[in-house]
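Worth saying up front: this structure is predicted, and the values here are computed from it rather than measured. Scope of the values below: all heavy atoms of this structure, side chains included, with no hydrogens, waters or symmetry mates.
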Amino acid sequence: MSLDAPLDTTGESAPLSDVPRERYEVFRHPRRLYLLEFLDDNGRQSLADLTTELLERAGADPSNGQRRHEVRIDLVHAHLPKLDAAGLVDWDLETGAELVGEPPATPAIFSTLLEADHDVEELVSEVVDPVRLRLLELVDDDQPRSLEELASTLAACESAAPADPERAKIVLHHSHLPALEGVDLLTYDRDSRQVAVADDSAR
C-alpha cells in the first residue's frame with residue numbers, strides 16, 4: 001500500500017483509496033478481521049498464540065485438543081494463506097504471522113465491525129466494501145455530514161466510487177447509506193440529506 005495515498009477534503013490521508021477492490025474479499029470473514037486486529041495490537045504471533053486467541057474470542061476452552069486442532073487447520077489452510085496472498089500479513093509455520101505495514105482500514109473500523117450488536121457475518125457482508133468502509137471513516141462522531149459533501153469527497157478520493165459527484169450521490173443514496181443504516185452504524189435523514197453516526201453504534 002502506498003504511503004502517498006490521496007488526501008480527502010479535510011486534508012487527512014485516505015488509507016483505503018489504493019486498496020484494489022478485489023482485495024476486499026479477504027475481509028469478508030470475521031475470523032480474518034479478528035486476526036488483523038490481534039496482529040495490529042500485538043505484533044508477530046506464533047500459530048499457537050493465534051489459535052489460543054481465536055478460541056478465547058469464541059468463548060471456547062483453549063485447552064480442548066480437538067478444537068485447537070480444528071482452528072489450527074483453519075488458520076494454516078484457509079485464513080493465513082489468504083491474508084498472506086493479499087499482502088496483509090507475512091507468515092510461515094515456523095515463525096508465525098505479523099502484519100505487513102499498516103492495515104488498509106483503521107483498527108477502530110475492525111473494532112466497530114467485531115463489537116457491534118449484530119450478527120458479525122451479516123455485518124461483515126454488508127460493510128466490507130471500499131466505499132462503505134471509507135464512509136465509516138469520513139462520518140465524524142461529533143457532526144453530521146451532508147450527502148453532497150460525502151459524495152464530493154468520495155468522487156475525488158475513492159477509486160471504487162463514481163468519479164462524478166452526482167452519480168456518487170445516487171449510489172450513496174440508494175445503496176451504501178441504506179446498507180450502513182440497516183446495520184445500525186450510520187443514520188441517514190433522507191429529507192435533510194444528513195448522515196451521522198448511529199446513537200447505538202459501537203464506534
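- Between Pro165 and Ala151, the closest heavy-atom pair is O-CB, 3.6 Å.
- Once rounded to the nearest 0.5 Å, the distance linking CG of Leu99 with CD of Gln45 reads 10.5 Å.
- With values rounded to the nearest 0.5 angstrom, Leu177 atom CG is found 11.5 Å from Leu185 atom CG.
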Would you check, one step at a time, whether the test side-chain contact (heavy atoms from CB on, under 4.5 Å) holds for Glu53 with Asp49? CA-CA 6 Å; Glu53 173 65 15; Asp49 290 338; over 6 Å; no
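- Taking the side-chain contact (heavy atoms from CB on, under 4.5 Å) definition, one finds that Arg167 meets it with Pro162, Asp164, sequence neighbours left out.
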Test side-chain contact (heavy atoms from CB on, under 4.5 Å) on Lys82 and His77; report intermediate values, then the result. CA-CA 9 Å; Lys82 286 189 185 225; His77 294 287; over 6 Å; no
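- Contact record, Leu80 with Ala97: CD2-CB, 4.0 Å, taken as the closest heavy-atom pair.
- If you run side-chain contact (heavy atoms from CB on, under 4.5 Å) between Leu135 and each of Leu150, Val195, Thr153, only Leu150 comes through.
- Taken from CG in Leu36 to CZ in Arg32, the straight-line distance is 9.5 Å, to the nearest 0.5 Å.
- No side-chain heavy atom of Arg193 sits under 4.5 Å from any side-chain heavy atom of Ser146.
- Contact detail for Pro81 and Ala78: the closest heavy-atom pair is CD-O, 3.5 Å.
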Go through the steps for Arg132 and Ser175 under the test side chain to side chain donor-acceptor pair (under 3.5 Å), then give the verdict. CA-CA 10 Å; Arg132 293 176 188 174; Ser175 175; 3.2 Å; yes
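- Residues passing the side-chain contact (heavy atoms from CB on, under 4.5 Å) test with Gln143, sequence neighbours excluded: none.
- Both Leu83 and Val76 are part of a single hydrophobic cluster, where members link through side-chain heavy atoms under 4.5 Å apart.
- No donor-acceptor pair under 3.5 Å is formed between the side chain of Arg67 and the backbone N or O of Ala60.
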side-chain contact (heavy atoms from CB on, under 4.5 Å) between Leu154 and Leu138: does it pass, once the steps are laid out? CA-CA 9 Å; Leu154 288 167; Leu138 288 172; 4.0 Å; yes
Under the criterion salt bridge (Lys or Arg N to Asp or Glu O under 4.0 Å), I'd like the reasoning laid out for Arg31 against Asp74: C-alpha separation, chi angles, the key distance, then a yes or no. CA-CA 10 Å; Arg31 188 163 276 177; Asp74 203 28; 2.6 Å; yes
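- Here Leu75 contributes atom CG and Leu93 contributes atom CG; the two are 11.0 Å apart, rounded to the nearest 0.5 Å.
- The shortest side-chain heavy-atom distance between His69 and Arg72 does not fall under the 4.5 Å cut-off.
- A salt bridge links Glu181 with Arg190: the distance from a Lys NZ or Arg NE/NH1/NH2 to an Asp or Glu carboxylate oxygen falls below 4.0 Å.
- The nearest pair of heavy atoms linking Ala163 to Ala155 is O-CB, 3.4 Å.
- Salt-bridge formation is not detected for the pair Glu149/Lys169: no Lys NZ or Arg NE/NH1/NH2 atom is positioned less than 4.0 Å from an Asp or Glu carboxylate oxygen.
- The CG atom of Leu50 sits 9.0 Å away from atom CH2 of Trp91, with the distance rounded to the nearest 0.5 Å.
- Here the CZ atom belonging to Phe38 is positioned 8.5 Å from the CG atom belonging to Leu54, to the nearest 0.5 angstrom.
- Between Ala198 and Asp184, the shortest heavy-atom distance links the atoms CB-O, 3.3 Å.
- The heavy-atom pair separating Pro178 from Leu172 by the smallest distance is CD-O, 3.4 Å.
- A side-chain N or O of Arg68 and one of Thr52 form a donor-acceptor pair less than 3.5 Å apart.
- At least one side-chain heavy atom of Arg44 sits under 4.5 Å from a side-chain heavy atom of Asp90.
- Residue pairs satisfying the ring pair (Phe, Tyr, Trp, His ring centres under 6.0 Å) criterion with at least one member in residues 145-174, sequence neighbours excluded, are listed as follows: His173-Tyr188.
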